[in-house]
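Here's the structure we're looking at; comments come further down.
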Amino acid sequence: MGSIQEEWLVYFHSRGTQKYAKWIWWWKPPHGFNHCGALKFIPDLDVWEHVEFTHAGIKTSILNKQESKNFLNYLYDYEVLVCPVKDDWHLFRIKELSCVSFVMRLIGFYRWYIITPWQLYCALRKAGYKRFWNKSDKKEFL
């Protein structure tokens with residue numbers, strides 16, 4: 001069974017969890033990212049699909065025009081990278097399941113040493129992944 005090549009927008013932002021904060025006290029990002037997720041536009045339906053891994057499990061939702069506008073406006077202050085899905089096949093992966101490992105599996109990008117959203121962001125930028133917008137772009141979306 002194959003897969004369809006897709007392009008995702010991978011976002012990095014500072015929204016943290018309060019419920020489990022005492023268990024991940026060491027996860028204090030120096031650069032403002034402590035979560036990542038992915039967005040994909042579905043042109044046939046004119047909607048955005050939002051996928052993320054949380055402590056409660058994998059969350060996927062379809063965002064209508066107003067929800068996607070609000071979310072993209074929120075993300076404007078953070079980083080969003082355009083990530084085409086690639087085949088980065090490995091026989092054996094030892095990795096925790098976090099938002100970082102979930103996004104890496106979603107886009108087909110795997111590096112065993114990446115555990116934080118900041119490390120993933122830096123690795124993607126180093127690998128040539130481009131930013132979705134320039135900070136000089138207009139902030140109002142849709």
Side-chain angles (χ1 to χ4, degrees), residues 2-43 45-142:
S3 63
I4 298 172
Q5 186 82 5
E6 296 179 6
E7 185 173 83
W8 291 88
L9 298 181
V10 175
Y11 64 83
F12 301 86
H13 71 88
S14 65
R15 188 205 75 198
T17 179
Q18 297 301 320
K19 185 174 181 181
Y20 298 102
K22 66 181 179 181
W23 301 108
I24 54 173
W25 55 268
W26 51 272
W27 195 281
K28 302 257 190 262
H31 304 286
F33 303 148
N34 59 6
H35 185 64
C36 58
L39 293 164
K40 175 181 68 170
F41 186 68
I42 305 171
L45 302 175
D46 195 28
V47 296
W48 287 86
E49 180 182 4
H50 178 215
V51 180
E52 65 180 329
F53 179 83
T54 67
H55 292 289
I58 297 170
K59 180 181 172 188
T60 183
S61 55
I62 301 297
L63 305 178
N64 63 34
K65 281 192 179 288
Q66 187 59 45
E67 291 169 331
S68 59
K69 179 180 178 179
N70 292 343
F71 195 56
L72 287 170
N73 280 326
Y74 169 76
L75 290 176
Y76 186 79
D77 293 329
Y78 300 102
E79 291 293 336
V80 178
L81 300 179
V82 178
C83 299
V85 176
K86 299 185 178 184
D87 291 326
D88 193 7
W89 191 85
H90 288 83
L91 178 62
F92 190 62
R93 294 184 189 189
I94 300 176
K95 191 75 173 160
E96 79 295 342
L97 190 56
S98 66
C99 62
V100 174
S101 60
F102 178 77
V103 166
M104 283 195 298
R105 290 176 183 168
L106 183 69
I107 64 173
F109 184 88
Y110 181 73
R111 305 295 181 268
W112 66 268
Y113 52 86
I114 296 175
I115 60 170
T116 69
W118 177 251
Q119 290 173 325
L120 177 58
Y121 173 77
C122 291
L124 290 174
R125 292 290 291 148
K126 187 175 181 180
Y129 289 72
K130 304 293 182 205
R131 289 186 168 115
F132 179 58
W133 50 55
N134 295 321
K135 292 302 178 179
S136 61
D137 291 345
K138 187 177 178 190
K139 185 176 178 176
E140 192 66 27
F141 298 101
L142 302 176

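In this text, all values refer to a predicted model and were calculated from it rather than measured experimentally. In this chain, residues are counted from 1 in sequence order.
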- Item | Nearest heavy-atom neighbours spanning Val103 and Cys36 | CG2-SG, 3.9 Å
- Message: As an exercise, state the distance from CG of Leu120 to SG of Cys83, rounded to the nearest 0.5 Å.
- Response: 7.5 Å
- Query: Looking only at heavy atoms, which two atoms of Val51 and Glu49 are closest? And how far apart?
  - Reply: CG2-OE2, 3.7 Å
- Note on the structure: Val47 meets the side-chain contact (heavy atoms from CB on, under 4.5 Å) criterion, sequence neighbours left out, with Ile42, Leu45, Ile62
- Query: Where is the tightest heavy-atom contact between Trp8 and Ala38, given as atom of each residue plus distance?
  - Reply: CE3-CB, 3.6 Å
- Do Tyr110 and Ser101 come close enough that some side-chain heavy atom pair is under 4.5 Å? no
- Could you go step by step and tell me if Val10 and Tyr129 meet the side chain to side chain contact (heavy atoms under 4.5 Å, CB included) rule? CA-CA 10 Å; Val10 175; Tyr129 289 72; over 6 Å; no
- Query: Are Phe12 and Leu124 side-chain neighbours, meaning at least one heavy-atom pair lies under 4.5 Å?
  - Reply: yes
- Item | Any side-chain heavy-atom pair of His35 and Glu52 under 4.5 Å | yes
- Nearest-0.5 Å distance, CG of residue Leu106 to SG of residue Cys99: 12.0 Å
- Message: I'd like to check the side-chain contact (heavy atoms from CB on, under 4.5 Å) partners of Arg131; sequence neighbours left out, ordered by chain and number.
- Response: Glu79, Leu81, Tyr121, Arg125
- Of all residues at least two apart in sequence or in a different chain, which pass the side-chain contact (heavy atoms from CB on, under 4.5 Å) check with Leu39? Leu9, Tyr11, Trp48, His50, Leu63, Phe71, Leu72, Leu75
- Can you tell me how far CE of Met104 sits from CD1 of Ile115, rounded to the nearest 0.5 angstrom? 10.0 Å
